[in-house]
Visitor: 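Got a structure for you, written out below as structure tokens; questions coming shortly.
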Protein chains: 2
Amino acid sequence: MPELDQPTCNMTTLSTKERILNSTERLIAENGFAELSIRKISLQAHTNLAAINYHFGNKQQLINQVLERRLNNLFEVRKKMLHDLNQGDTQLKCNLEQILHAFIAPALYMINDEHQGGRVFMKVLARAYAEQSDSLHDLLAKRYTPIIKEFADAIHLACPKLPRQTIFWRFHFIIGALTYTMGDFGASSLSKQMPETEYFNQSVEELIQFAVSALTV
Amino acid sequence: MPELDQPTCNMTTLSTKERILNSTERLIAENGFAELSIRKISLQAHTNLAAINYHFGNKQQLINQVLERRLNNLFEVRKKMLHDLNQGDTQLKCNLEQILHAFIAPALYMINDEHQGGRVFMKVLARAYAEQSDSLHDLLAKRYTPIIKEFADAIHLACPKLPRQTIFWRFHFIIGALTYTMGDFGASSLSKQMPETEYFNQSVEELIQFAVSALTV
DNA sequence: TATCAATTCAAACGGTTGTTTTAATCGTGA
DNA sequence: TCACGATTAAAACAACCGTTTGAATTGATA
């Protein structure tokens, strides 16, 4: 990843609390949870060690807030896009592609939203899945369960022939593909043949088409 | 995950080196890289701190060997299964499902192979993807690149209509789904409705069918 | 049995970790 | 201007980190 300009540490306009959250987010994305320390955070946020404990209690609660801050927004966007589909008609009319778009696009477009740090966060999210410290895992599971059910219901309406269990399996696999893509792992050669924004736009399209194919037996 | 019986620390039959490798593997799987320390490793392996540096040089080289040990085997099984498909006929005859089976099944069957610690390792592998310490990431990328190309070639022969780039994209997504499944994240409700072995056997079948559907446009 | 390399061990090294304490500073309302 | 709560800062805390050292122990060979 190229050197990012650093809105993270905009000391004049951002509060200490925001700078700490941004710096934590960035450090997790760049170096992973294993190398994260509150000393590095306070250094990058241009603040003091104790400020972290003052504002967040402890390290774990800080990490949780890093996730909660953007996760709430992401999930609400997904829900809104799904509900907007059902609004025009009573139900059943919206097709599979639209449903999957409502789930996949918000996550990957967030990656494009560099100004708001979306891309950085998506890497954090991808890492948080694998980390599975009980605290993180529980947080993610709790937040994901209801929205998965909601989308699985919508898919069931769009594809009534598919057994419900098959829908859950395949939706689970699609989330895996999405998570893996968000982390930008294994992108290898593809990502180097075109500009990054174009690459991400294409990945949205490819992933949605992939998911549609996977659910169209 | 239920309390595992601990072949990890079979002090009578296993060498110190093997006990260290097994304990490291298990600790990464259970608690992640962030909480891994050589003190915990030596404690679980019933050996001394210095033994780790004596046998492996340093912590990072130990981690690398934990991955290399089983990765080599996994990749060779995949290659052999793929080559066996092409052996009977000249080429082109083997179908998509067989190819994907050759890629997916060895990984997920490894999960079932509890006696050899396969399931533990698969969690390690899933975490290693997200960790992206340069050292781990390079190791995985270097090992994965050739086998991905090999399978993409086979898929191209089986599905000549699919653009080569589409194959790479979708194969990438399938690896994501596989990785995600290996870590057993988000399995949530499904995994609790049936015995574990049955659950894993079903996941192999579901994942292969999912991948076939995804590549059959 | 004596020897010597391979292995294991206890102890210590310097450095970093998350957290807490205490004092200084800031900004706002009286 | 004063006072007071909110915030920031410096310093110290105990605990843990990866690594190194040098001596003790082992086990096979001569």
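By convention in this document, chain letters (A, B, ...) are assigned in the order of the sequence lines, proteins followed by strands, and residues within each chain are numbered from 1.
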Visitor: Please name all residues satisfying side chain to side chain donor-acceptor pair (under 3.5 Å) with Lys40(B), sequence neighbours left out, ordered by chain then number.
Guide: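 Expected list: none.
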
Visitor: I'd like to check Glu97(A) versus Gln209(A) (side-chain heavy atoms, cut-off strictly below 4.5 Å). Are they in contact?
Guide: yes

Visitor: Indicate whether OP1 or OP2 belonging to dT8(D) is found under 4.0 Å from a side-chain N or O atom of Thr47(A).
Guide: no

Visitor: Rounded to whole angstroms, how far apart are NE2 on His55(A) and C1' on dT20(C)?
Guide: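 Taking NE2 of His55(A) and C1' of dT20(C), I get 16 Å after rounding.
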
Visitor: Write down the protein N/O and nucleotide N/O pairs, taken from nucleotides 19-25 of chain D, whose separation is under 3.5 Å; answer none if there are no such pairs.
Guide:
unit_1	atom_1	unit_2	atom_2	d
dT19(D)	OP2	Lys59(B)	N	2.9

Visitor: Looking only at side-chain N and O atoms, does Ser37(B) come under 4.0 Å of OP1 or OP2 in dC17(D)?
Guide: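 Looking at the OP1 and OP2 atoms of dC17(D), one of them is under 4.0 Å from a side-chain N or O of Ser37(B).
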
Visitor: How long is the line joining CG of Leu14(B) and P of dT8(C), in whole Å?
Guide: 13 Å

Visitor: Can you tell me how far C1' of dT8(C) sits from CG of Leu43(B), to the nearest Å?
Guide: 16 Å

Visitor: Quick one: does Gln65(A)'s side chain get under 4.5 Å of Thr24(A)'s, heavy atoms only?
Guide: no

Visitor: Could you work out, with salt bridge (charged side-chain N to carboxylate O under 4.0 Å, His left out) as the rule, every residue matching Lys79(B), not counting sequence neighbours?
Guide: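 With neighbours one apart ignored, the set is empty.
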
Visitor: To the nearest Å, how far apart are Ile52(B) CD1 and dT7(C) P?
Guide: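 That distance rounds to 16 Å.
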
Visitor: What orientation do Phe210(B) and Phe210(A) show, parallel under 30°, tilted 30 to 60°, or perpendicular over 60°?
Guide: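 Geometry flag for Phe210(A) against Phe210(B): perpendicular rings.
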
Visitor: Give Leu36(A) one of three labels, base, sugar-phosphate or nothing, depending on what nucleic acid heavy atoms sit under 4.0 Å from its own.
Guide: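 Counting heavy atoms under 4.0 Å across all strands, the contact made by Leu36(A) is with sugar-phosphate only.
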
Visitor: Round to a whole Å and report the spacing from CG of Asn31(A) to C1' of dT17(C).
Guide: 16 Å

Visitor: Over how many whole Å does the gap from Lys40(A) atom NZ to dT19(C) atom P extend?
Guide: 16 Å

Visitor: Send over the distance from Glu35(B) CD to dA15(D) P, rounded to a whole Å.
Guide: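 Glu35(B) atom CD is separated from dA15(D) atom P by 19 Å.
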
Visitor: Between dT17(C), dC9(C), dT8(D), which nucleotide gets closest to the side-chain atoms of Thr16(A)?
Guide: dT8(D)

Visitor: Are Ile41(B) and Lys59(B) side-chain neighbours, meaning at least one heavy-atom pair lies under 4.5 Å?
Guide: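 Side-chain contact under 4.5 Å: no.
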
Visitor: Rounded to the Å, how far apart are Tyr54(A) OH and dT21(C) C1'?
Guide: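 Spelled out: OH on Tyr54(A) to C1' on dT21(C) is 15 Å.
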
Visitor: Do Leu71(B) and Leu140(B) make a side-chain contact, defined as non-hydrogen atoms from C-beta onward lying under 4.5 Å apart?
Guide: yes

